[in-house]
Amino acid sequence: QLQLVESGGGLVQPGGSLRLSCAASEFTLDYYTIGWFRQAPGKEREGVSCINSSDGSTYYADSVKGRFTISRDNAKNTGYLQMNSLKPEDTAVYYCAAANSDLLLCGSSWPVLGPYLEVWGRGTLVTVSS
C-alpha cells in the first residue's frame, strides 16, 4: 500500500521556522509529482506548494511565496517544506500528497488538483502562536 508520512509539525512562535518532511513508502518518489496542502479549522483546503520530479520546477500559493521553500531528496525518498517567517494564519494541518508524474505535473493548477492525487498522508499539525 502506497503511503506518505508527514513529520515536523508543532508549536512555533510567530516569525519562527519549521521544516516538514514527507516520507514515502512502498513506492519511489522519483516518478511522482509531490506537494503540500493545508487546512485550517473552519476553512477550505488550500494548495500550498508542489514540485516536479523531472526538473524540480515549483509552484507556491501567493500566501506563502517568499516564506516557504519546497524541496525533494529522491535518494531519501522524501519531500520537504521549509517554512520561515511563520504567521498565525499559517496554523493548519499540513498534508503531503503525490501523483504519478506521467499523469499530473506541478503548476499553477495545483490548488484544484486534490481529487486527482493518488496518495495522501495523514497530516501534521502546525500551530503558530505566542
Side-chain angles (χ1 to χ4, degrees):
Q1 183 178 357
L2 308 185
Q3 285 189 326
L4 292 171
V5 179
E6 303 95 337
S7 61
L11 173 63
V12 63
Q13 293 186 342
S17 298
L18 283 174
R19 188 176 82 154
L20 305 184
S21 298
C22 173
S25 62
E26 306 302 328
F27 70 106
T28 302
L29 276 182
D30 294 41
Y31 308 110
Y32 282 75
T33 300
I34 60 173
W36 296 85
F37 287 77
R38 68 184 181 185
Q39 188 161 21
K43 294 189 177 181
E44 292 188 356
R45 186 174 63 191
E46 177 187 12
V48 175
S49 182
C50 58
I51 183 168
N52 281 314
S53 179
S54 58
D55 61 3
S57 54
T58 59
Y59 159 82
Y60 295 96
D62 287 343
S63 57
V64 306
K65 200 172 294 182
R67 300 187 298 121
F68 289 12
T69 303
I70 191 171
S71 63
R72 60 192 299 157
D73 186 337
N74 289 344
K76 294 184 177 180
N77 221 27
T78 301
Y80 303 97
L81 186 67
Q82 177 68 42
M83 306 186 297
N84 298 330
S85 302
L86 284 161
K87 305 174 182 179
E89 51 263 44
D90 294 318
T91 295
V93 177
Y94 284 71
Y95 301 90
C96 67
N100 190 300
S101 56
D102 286 341
L103 302 177
L104 189 153
L105 292 175
C106 168
S108 59
S109 60
W110 179 253
V112 301
L113 293 178
Y116 308 101
L117 297 171
E118 301 170 45
V119 194
W120 286 83
R122 293 189 173 187
T124 185
L125 177 62
V126 172
T127 304
V128 185
S129 175
S130 55

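When reading the values below, keep in mind they use all heavy atoms of this one structure, side chains included, and skip hydrogens, waters and symmetry mates. All figures in this text were calculated on a predicted structure; none of them were measured in a lab.
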- Short side-chain to backbone donor-acceptor contact, Tyr80 and Thr69, under 3.5 Å: no
- Kindly check if the number of other-residue, nucleotide or ligand heavy atoms within 6.0 Å of CZ (Arg122) is above 12? no
- Message: Is it the case that the side chains of Ser57 and Asp55 hold a donor-acceptor pair, with the cut-off being a distance below 3.5 Å and no angle test?
- Response: yes
- What one should report as the nearest heavy-atom pair of Leu29 and Ala24 is CG-CB, 3.6 Å
- Item | Non-hydrogen atoms of Pro14 and Ser130 that approach each other most closely | CD-N, 3.7 Å
- For the student: nearest non-hydrogen atoms of Met83 and Tyr94, plus distance: SD-CE2, 3.8 Å
- Counting distance only, does the side-chain N/O of Glu6 pair as donor-acceptor with the main-chain N or O of Cys96 below 3.5 Å? yes
- Item | Contact list for residues 18-33, test salt bridge (charged side-chain N to carboxylate O under 4.0 Å, His left out), sequence neighbours left out | none
- Message: So which atom in Ile51 and which in Cys106 form the shortest heavy-atom distance, rounded to 0.1 Å?
- Response: N-SG, 3.5 Å
- Query: Of all residues at least two apart in sequence or in a different chain, which pass the ring pair (Phe, Tyr, Trp, His ring centres under 6.0 Å) check with Phe27?
  - Reply: Tyr32
- Task: May I ask whether Tyr95 and Leu125 are part of the same hydrophobic cluster, defined by side-chain heavy atoms of I, L, V, M, F, W, Y residues being less than 4.5 angstrom apart, directly or through others?
- Result: yes
- Query: Any sub-3.5 Å donor-acceptor pair from Asn52's side-chain atoms to Leu105's backbone N or O?
  - Reply: no
- Query: Between the main-chain N or O of Tyr31 and the side-chain N or O of Ser101, is there a donor-acceptor pair closer than 3.5 Å?
  - Reply: yes
- Once you round to the nearest 0.5 Å, how far does SG of Cys50 lie from CG of Leu81? 11.0 Å
- Message: Do Val12 and Val48 land in one hydrophobic cluster if side-chain heavy atoms of ILVMFWY residues count as linked below 4.5 Å?
- Response: yes
- Query: Considering the options Tyr59, Trp36, Phe37, which one meets the ring-ring contact (aromatic ring centres under 6.0 Å, His included) requirement together with Trp110?
  - Reply: Phe37
- Run the numbers on Ser129 and Leu11 for side-chain contact (heavy atoms from CB on, under 4.5 Å), then give the verdict. CA-CA 7 Å; Ser129 175; Leu11 173 63; 4.2 Å; yes
- Note on the structure: Between Ala99 and Leu117, the two heavy atoms sitting closest are CB-CD2, 3.6 Å
- Message: Has Thr91 got a side-chain atom pairing as donor or acceptor with Val128's backbone, closer than 3.5 angstrom?
- Response: yes
- pair Asn74-Ser53: side-chain heavy atoms closer than 4.5 Å: yes
- How far does OH of Tyr60 sit from OG of Ser108, to the nearest 0.5 angstrom? 15.0 Å
- Does Lys65 pair with Asp62 as a salt bridge, N-O distance under 4.0 Å? yes
- Message: Going by salt bridge (charged side-chain N to carboxylate O under 4.0 Å, His left out), name the residues that satisfy it together with Lys43, two or more places apart in sequence or in a different chain.
- Response: none
- Looking only at heavy atoms, the pair that brings Ile34 and Arg72 closest together is CG1-NH1, 3.7 Å
- Message: Out of the candidates Glu44, Glu89, Glu46, only one should pair with Arg38 under the salt bridge (Lys or Arg N to Asp or Glu O under 4.0 Å) rule; please name it.
- Response: Glu46
- Message: Test your reading of the model: is there a side-chain donor-acceptor pair from Thr33 to the backbone of Leu104, 3.5 Å cut-off?
- Response: yes
